[in-house]
Amino acid sequence: MTTSVALWSVELQPGKPRMIMTPDLDLQITNVALGEELADANGRTVLKLIYSPATFDDEEDGDDDEEDENDEEKQLTTVICALTPGKIEHASINIILNRESTYTLQSSGKNTIYLSGQYIDQALPDEPPFDDDSDMDSEDAYDLQDVSSDVEMHPDDLEGLESDASRFEEVVDEPTAKPQKRPRDSDAAPDAKVEGEKEGKKNKKLKGEKGAAVPVEGQTEDKKDKKKKEKKAGDEQKAEKAGPSKKTLPSGVVIQDAKVGTGPAAKKGSTVRMRYVGKFPDGKVFDKNTSGKPFTFHLGKGEVIKGWDEGIVGMQVGGERALVIPPAMAYGKRPPPGIPPNATLHFEVKLLEIK
């Protein structure tokens with residue numbers, strides 16, 4: 001399902017025949033036309049699109065010298081249309097430019113041409129409309145400014161954060177022994193009473209080799225089990241208070257959970273909805289999604305940078321995680337505008353929903 005978000009248009013002038021763009025949303029170009037005034041009444045104007053095919057994103061970054069020599073070969077050029085005054089003065093097209101990808105529009109000729117279209121939202125067929133999810137559409141819904149993952153801090157500061165996982169620890173009700181009615185002294189047999197007193201004195205004197213009391217015969221195991229469970233729960237709480245664990249994946253991506261979520265874990269093929277803040281190593285924010293519609297993508301399908309496809313796996317709904325992504329797992333040597341080449345990127349992400 002495709003939904004129009006906003007209109008879009010651009011003017012390519014003869015003196016500036018080349019324009020580089022990276023759309024924030026998916027962009028659908030639908031029309032190309034000549035203007036009212038013509039600089040060349042007989043001249044032909046050709047519109048070209050230059051782009052990098054998605055298949056090259058899977059290449060290894062090891063052969064840097066070879067990549068430098070073949071950069072131009074990896075750019076593909078296609079002709080969108082050709083306009084001639086008096087013959088063909090506009091062309092209806094249907095081209096979708098994916099968001100956050102870099103494209104170059106180039107025109108040849110002396111006449112100005114005008115491109116128009118619309119920003120679109122390509123919703124998945126099995127996803128419910130956002131209007132049906134009142135919490136998702138609210139401007140303050142899942143605002144990361146109210147939680148730890150949106151605080152502008154360096155990822156190394158997460159070392160001391162404590163997990164809230166202990167709140168979800170299952171409480172085990174201990175079985176209670178049914179009270180027994182004490183018999184009256186008159187009902188007890190004299191011999192039994194005397195024998196019981198002797199046995200009690202004998203048990204009090206029983207001690208182990210190091211002075212520890214020896215369990216009385218017939219003692220129930222409830223107290224022992226309770227002590228073991230209490231010790232186990234204490235050990236788990238100590239482990240949680242030790243702080244979020246940091247893990248480095250084989251690819252070099254570093255993940256660190258600031259908060260563990262609940263429910264099923266995200267895996268490759270899952271459709272996930274995220275909030276995020278992207279920063280450079282110096283803490284400067286270069287991109288974020290903290291309100292409005294969450295960022296939605298298919299995990300492990302190559303729709304995001306490789307560091308996200310690997311770093312989000314295993315998160316649970318409500319979980320917050322810090323990612324440190326090396327250049328080879330981010331944008332490498334050919335980043336989009338606003339990000340320097342070979343940049344290490346830091347992300348603070350929160351998983352809102354798994355579809």
Side-chain angles (χ1 to χ4, degrees), residues 2 4-35 38-40 43-61 63-85 88-122 278 286-287 297 302-306 327-343 345:
T2 300
S4 176
V5 176
L7 294 177
W8 172 88
S9 64
V10 72
E11 174 184 347
L12 284 181
Q13 300 177 357
K16 301 177 180 179
R18 184 182 181 92
M19 183 186 74
I20 300 176
M21 60 182 299
T22 305
D24 295 330
L25 298 173
D26 292 340
L27 174 61
Q28 183 180 31
I29 304 178
T30 57
N31 191 72
V32 184
L34 296 173
L38 300 176
D40 186 356
R44 184 167 173 262
T45 302
V46 177
L47 173 64
K48 298 179 181 180
L49 175 65
I50 302 173
Y51 66 99
S52 297
T55 54
F56 288 113
D57 292 341
D58 294 331
E59 291 182 359
E60 297 294 335
D61 293 335
D63 299 328
D64 293 340
D65 296 338
E66 184 177 347
E67 284 186 0
D68 292 338
E69 296 175 358
N70 297 331
D71 278 345
E72 295 184 359
E73 297 179 2
K74 294 177 182 178
Q75 297 289 323
L76 298 184
T77 302
T78 184
V79 175
I80 303 301
C81 64
L83 304 179
T84 303
I88 302 176
E89 297 193 352
H90 80 91
S92 296
I93 62 176
N94 185 11
I95 296 177
I96 297 178
L97 307 183
N98 295 327
R99 59 182 172 183
E100 300 181 358
S101 298
T102 302
Y103 302 90
T104 301
L105 295 172
Q106 181 175 324
S107 67
S108 61
K110 299 180 180 180
N111 293 321
T112 300
I113 59 175
Y114 298 83
L115 287 74
S116 60
Q118 57 188 348
Y119 289 106
I120 60 174
D121 180 15
Q122 303 187 79
F286 64 86
D287 190 17
F297 68 98
E303 298 176 1
V304 293
I305 58 177
K306 297 177 183 179
M329 300 299 289
Y331 296 104
K333 299 174 61 178
R334 300 186 299 277
I339 298 179
N342 296 321
L345 304 181

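Heavy atoms only: backbone and side chains are in, while hydrogens, waters and symmetry mates are out.
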* Structure fact -> Heavy-atom closest pair (T84 atom, R44 atom, distance to 0.1 Å) is OG1-CG, 3.7 Å

* Got a sec, which residues hit side chain to side chain donor-acceptor pair (under 3.5 Å) with S4, two or more places apart in sequence or on another chain? -> Q118

* Structure fact -> Contacts of N111 meeting side chain to side chain donor-acceptor pair (under 3.5 Å) (sequence neighbours excluded), chain-then-number -> none

* E89: partners by side chain to side chain donor-acceptor pair (under 3.5 Å), with sequence neighbours left out -> none

* Structure fact -> Between R99 and D26, the two heavy atoms sitting closest are N-OD1, 3.0 Å

* Determine whether more than 12 heavy atoms belonging to other residues, nucleotides or ligands lie under 6.0 Å from atom CG of N94. => yes

* side-chain contact (heavy atoms from CB on, under 4.5 Å) partner of Y103, the single match among I50, I95, N98 -> N98

* **Approximate separation, where rounding is to 0.5 Å, of L12 CG and Q106 CD** => 10.0 Å

* To do: Report the distance from atom CG of L97 to atom CD1 of I120, rounding to the nearest 0.5 Å.
  => 9.5 Å

* **Heavy-atom side-chain proximity of L115 to I80 below 4.5 angstrom** => no

* **CG-CD1 distance between L47 and I113, expressed to the nearest 0.5 angstrom** => 4.5 Å

* Asked: If you take all heavy atoms of P23 and Y119, which pair is closest and at what distance?
  -> CB-CE2, 4.5 Å

* With the side chain counted from C-beta on, respond yes when P337 and T102 share a heavy-atom pair under 4.5 Å apart, and no when they do not. => yes

* Asked: Taking all atoms of both residues into account, what is the closest heavy-atom pair of P85 and G43, and its distance?
  -> CD-O, 2.9 Å

* **Approximate separation, where rounding is to 0.5 Å, of C81 SG and K48 NZ** => 12.5 Å

* Results of ring-ring contact (aromatic ring centres under 6.0 Å, His included) for F286 - residues two or more places apart only -> F280, F347

* Asked: Looking only at heavy atoms, what is the nearest atom pair of Y114 and L34, with distance?
  -> CD1-C, 4.1 Å

* Taking all non-hydrogen atoms of both residues into account, name the closest pair between H90 and N31 and its distance. => ND1-OD1, 3.6 Å

* **Separation of T78 OG1 from L49 CG (nearest 0.5 Å)** => 7.0 Å

* Asked: Heavy-atom distance under 4.5 Å between the side chains of P336 and Y331, does that happen here?
  -> yes

* By side chain to side chain donor-acceptor pair (under 3.5 Å), which residues pair with T30, not counting sequence neighbours? -> none

* **ring-ring contact (aromatic ring centres under 6.0 Å, His included) partners for F297, two or more places apart** => F295, W308

